[in-house]
Amino acid sequence: MNVLFVSIDSLRRDMLGAYADRPRGFDYEVATPNLDRFAERATVFDSHYAGSMFCMPTRREWLAGVQEFPWRGWGPIEPSDKTIPQAARETGTFTQLVTDHYHYFQHGAGGYYEDFNAFEFVRGHEFDAWQATPRRPDEQLLAQAGAEDPGSVEYVQRAQYARNVAGLDESDERDFFAPKVFSKAATFLDGVEWDEWFCYVDSFDVHQPFHCPEPYASMYTDEDPRDPDLSFWPHWGTVDGGQGSIDERNLEFARAQFAGKVTMVDEWFGRLLDVLDERDLWEETAVIVTSDHGYSLGDHGYVGKIHMPMYDVLARTPLFVHHPDADSRRIEQLTAAIDLHPTMLSYLNATDAGDHPHGRSLVDLVSGEASGTHRDWAIYGEWGSGVSVTDGRYTYHRPCDTGQPAYCHSTSMINARGVFLPPEPKSDVTAGDYLPYTDVPVWRFEAEPVRRIDAPMVFDTGTDPDQRENLFGTDTVASERLDDLLGQAFDTLSVPSSFARRVGVTDDAD
């Protein structure tokens, strides 16, 4: 069995035709005909949630099956991890990575791409340290990117993007990142000579910056997309103050450019579907399409994905799975990002397909052979902050006490907060057998916790899909039941006692 895995970064579930509750947050329909046609032949998961956020933590869940956020933040593949490409090699399966997701190649990440037999890296997205010239790029690009100091040599600065795209033809979409990623993936599928293969396609789009070529830049706006007064890269935060402050004109423009990127990604994703059609690969290939998280564009008064509660616009993600032997169907049962790891192992006939620490295979759900409840709960969050749990309908969000310590657990001295920067040596550390899912000892060291919300929140997404009415303190039955679920999750995962104390959950785990 071949496996094609496609991640579309930051893709909002509520913008896709396969999900009946869209559009919310946008007052116009966004064209996604290719994702919609794929959904027609796939299993569509209606209640799928992210886990460890954001970006690389999700990829560790997918590739290594470890729900990492209770123990550590953004970091490398650990020596105790066995990645999917490692397991696939043992079955004689060729593995291919195609991505423009430059985080794989930065400080703070390691071991994610090295196990693939081959990889294609499309350079230049966001802060990718690629082009050295021009030192001062085009003024319009600098203005729209919000680059304040084009002479900076800091690790993370917006002028780098303007430098990277200075030579792009904005009238030719083939020059842009998603078209290049999907074109390379299509080329692999069209010419693959291996009998068994695993192709992992990770598109950084529709991630910021929302810089689009035509026709997509003008598709959802009457504005001039190259107006230097309009930013295609809004800052994260609250829309009405601070760093994220943004006027309505710029917010609408950002939404339109985001929507344009969604349609562009959809168009080029369609090239993969065309190759599957032309090569008649559907009968021998499992195809999985998902996203790591969503993105807020004014929802609940925020832009971005940090500094805000884990609302469903971030955490409830799309998931479509095609298997040659399964009929298309909709799955209402609760599933989680961590479940994709054992699912892919199973489809690859890996010898350790059942030996995963945290995920629960979706194979029986896709085939229609499942009985009983797949999950009673799914937890999600960012390391060192609060925690969220859902039963598939209600979501419960608990804040963290920043007066309680947060501990990183890793074989590396990772930067818990400065994830793109060179690691700083930690002196006040202990080493030991701290992880319940492996016997490999790790370092434990204290790092700064972060508070995303000030008080508990409970939402009934069945009657309140936009999560506007906080039921905590009024619906005591739901609140107590979700509190119990959170305790069950902590007990099942054996989360660190420091984490349990920080979020106010009584637990005796080590």
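Start at 1 with the first residue, then count along the sequence.
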Inset, instruction - Kindly indicate, with the supporting measurements, whether the criterion ring pair (Phe, Tyr, Trp, His ring centres under 6.0 Å) is fulfilled by F459 and Y394. - result: CA-CA 6 Å; F459 299 102; Y394 287 85; over 10 Å; no
Inset, instruction - Ignoring hydrogens and angles, tell me if any N or O in the side chain of T133 forms a donor-acceptor pair with the backbone of R135 under 3.5 Å. - result: no
Legend entry - Partner residues of E114 under the salt bridge (charged side-chain N to carboxylate O under 4.0 Å, His left out) criterion, sequence neighbours left out: none
Inset, instruction - Scan D9, D292, D202, D205 and name whichever one has a side chain to side chain donor-acceptor pair (under 3.5 Å) with H101. - result: D9
Inset, instruction - State whether the number of non-hydrogen atoms from other residues, nucleotides or ligands found under 6.0 Å of K426 atom NZ is greater than 12. - result: yes
Inset, instruction - Would you mind checking if E382 and K305 are paired as a salt bridge, meaning a charged N to carboxylate O distance below 4.0 Å? - result: no
Inset, instruction - Would you tell me whether H48 and D339 have side-chain atoms, one donor and one acceptor, within less than 3.5 Å of each other? - result: no
Inset, instruction - Kindly state whether the ring of Y161 and the ring of H211 have centres lying under 6.0 angstrom apart. - result: yes
Inset, instruction - Could you tell me whether F210 and Y295 have their ring centroids closer than 6.0 angstrom? - result: yes
Legend entry - D14 backbone acceptor or donor facing R12 side chain under 3.5 Å: no
Inset, instruction - Check salt bridge (charged side-chain N to carboxylate O under 4.0 Å, His left out) between E61 and all other residues, then give those that pass, not counting sequence neighbours. - result: none
Inset, instruction - Mind checking the CZ-CG spacing from F204 to D128? Nearest 0.5 Å is all I need. - result: 9.5 Å
Legend entry - Side-chain (T91) to main-chain (A350) donor-acceptor, under 3.5 angstrom: no
Inset, instruction - Start with the C-alpha gap between Y102 and W130, add the side-chain angles, then the distance that decides, and say whether ring pair (Phe, Tyr, Trp, His ring centres under 6.0 Å) holds. - result: CA-CA 10 Å; Y102 71 103; W130 185 36; over 10 Å; no
Inset, instruction - Could you tell me if the ring centre of F320 sits under 6.0 Å from that of F45? - result: no
Legend entry - Test of ring centre spacing under 6.0 Å for Y380 and F69: no
Legend entry - Inter-residue atom distance R60.CZ - T83.OG1, 0.5 Å rounding: 11.5 Å
Legend entry - Check ion pair R249-D247 (N to O, under 4.0 angstrom): no
Inset, instruction - State whether K184 and E120 are salt-bridged, where the test is any N-O pair (Lys NZ or Arg NE/NH1/NH2 against Asp/Glu carboxylate O) under 4.0 Å. - result: yes
Legend entry - salt bridge (charged side-chain N to carboxylate O under 4.0 Å, His left out) against K180, all qualifying residues, sequence neighbours excluded: none
Inset, instruction - Taking the six-membered ring for Trp and the single ring otherwise, decide whether the centroids of W233 and F253 are under 6.0 Å apart. - result: no
Inset, instruction - Would you check if the side chain of N415 reaches a backbone N or O of P422 as a donor-acceptor pair within less than 3.5 Å? - result: yes
Inset, instruction - Nearest 0.5 Å please: distance from the CD atom of Q157 over to the OG atom of S152. - result: 4.5 Å
Inset, instruction - Give a yes or no on whether the backbone of Q131 and the side-chain of R163 come within a donor-acceptor separation of less than 3.5 Å. - result: no
Inset, instruction - Determine the interplanar angle of the F105 and F121 rings, folded into 0 to 90°, and report it as parallel if under 30°, tilted if 30 to 60°, perpendicular if over 60°. - result: parallel
Legend entry - Trace of the side chain to side chain donor-acceptor pair (under 3.5 Å) decision for Q86 with E90: CA-CA 7 Å; Q86 278 183 302; E90 295 175 359; over 6 Å; no
Inset, instruction - Taking the side chain as every heavy atom from C-beta outward, state whether R136 and L142 have any pair of such atoms under 4.5 Å apart. - result: yes
Legend entry - G504 backbone acceptor or donor facing R398 side chain under 3.5 Å: yes
Inset, instruction - Give a yes or no on whether the ring-centroid distance for H358 and Y437 is below 6.0 angstrom. - result: yes
Legend entry - H207 and S10: side chain donor to acceptor below 3.5 Å: no
Inset, instruction - Taking R451 for its side chain and D454 for its backbone only, find out whether a donor-acceptor pair lies under 3.5 Å. - result: yes
List, one per line, each side-chain donor-acceptor pair under 3.5 Å for residues 106-113, sequence neighbours excluded.
residue : atom : partner : partner atom : Å
Q106    : OE1  : H103    : ND1          : 2.6
Y112    : OH   : G75     : O            : 2.7

Inset, instruction - Taking T411 for its side chain and E78 for its backbone only, find out whether a donor-acceptor pair lies under 3.5 Å. - result: no
Inset, instruction - Using the ring pair (Phe, Tyr, Trp, His ring centres under 6.0 Å) rule, take W74 and F420 through it: C-alpha gap first, then chi angles, then the decisive distance, then the call. - result: CA-CA 10 Å; W74 185 306; F420 303 127; 5.5 Å; yes
Inset, instruction - Report the residues that fulfil side-chain contact (heavy atoms from CB on, under 4.5 Å) with P228, sequence neighbours left out, ordered by chain and then residue number. - result: A143
Legend entry - Test item: E448 side-chain N/O and R417 main-chain N/O as donor-acceptor pair under 3.5 Å: no
Legend entry - Gap separating the CZ atom of R444 from the CG atom of L435, nearest 0.5 angstrom: 10.5 Å
Inset, instruction - Calculate, to the nearest 0.5 Å, the distance between atoms OH and CG belonging to Y396 and D484 respectively. - result: 9.5 Å
Legend entry - N-O pairing of D312 and R13 below 4.0 Å: no
Legend entry - Gap between atom NE2 of H307 and atom CD1 of I453 - 0.5 Å precision: 15.5 Å
Legend entry - Contacts of type side-chain contact (heavy atoms from CB on, under 4.5 Å), residue L168, not counting sequence neighbours: V165, D175, F176
Legend entry - Carboxylate-amine/guanidinium proximity below 4.0 Å for R226 and E170: yes
Inset, instruction - Dump the intermediate steps for side chain to side chain contact (heavy atoms under 4.5 Å, CB included) on R158 and E148, then the final yes or no. - result: CA-CA 8 Å; R158 293 183 172 210; E148 296 178 354; over 6 Å; no
Legend entry - Enclosure of Q404 CD (heavy-atom neighbours >12, cutoff 6.0 Å): yes
Inset, instruction - Check whether any side-chain N or O of N117 sits under 3.5 Å from a backbone N or O of Q96 as a donor-acceptor pair, and report yes or no. - result: no
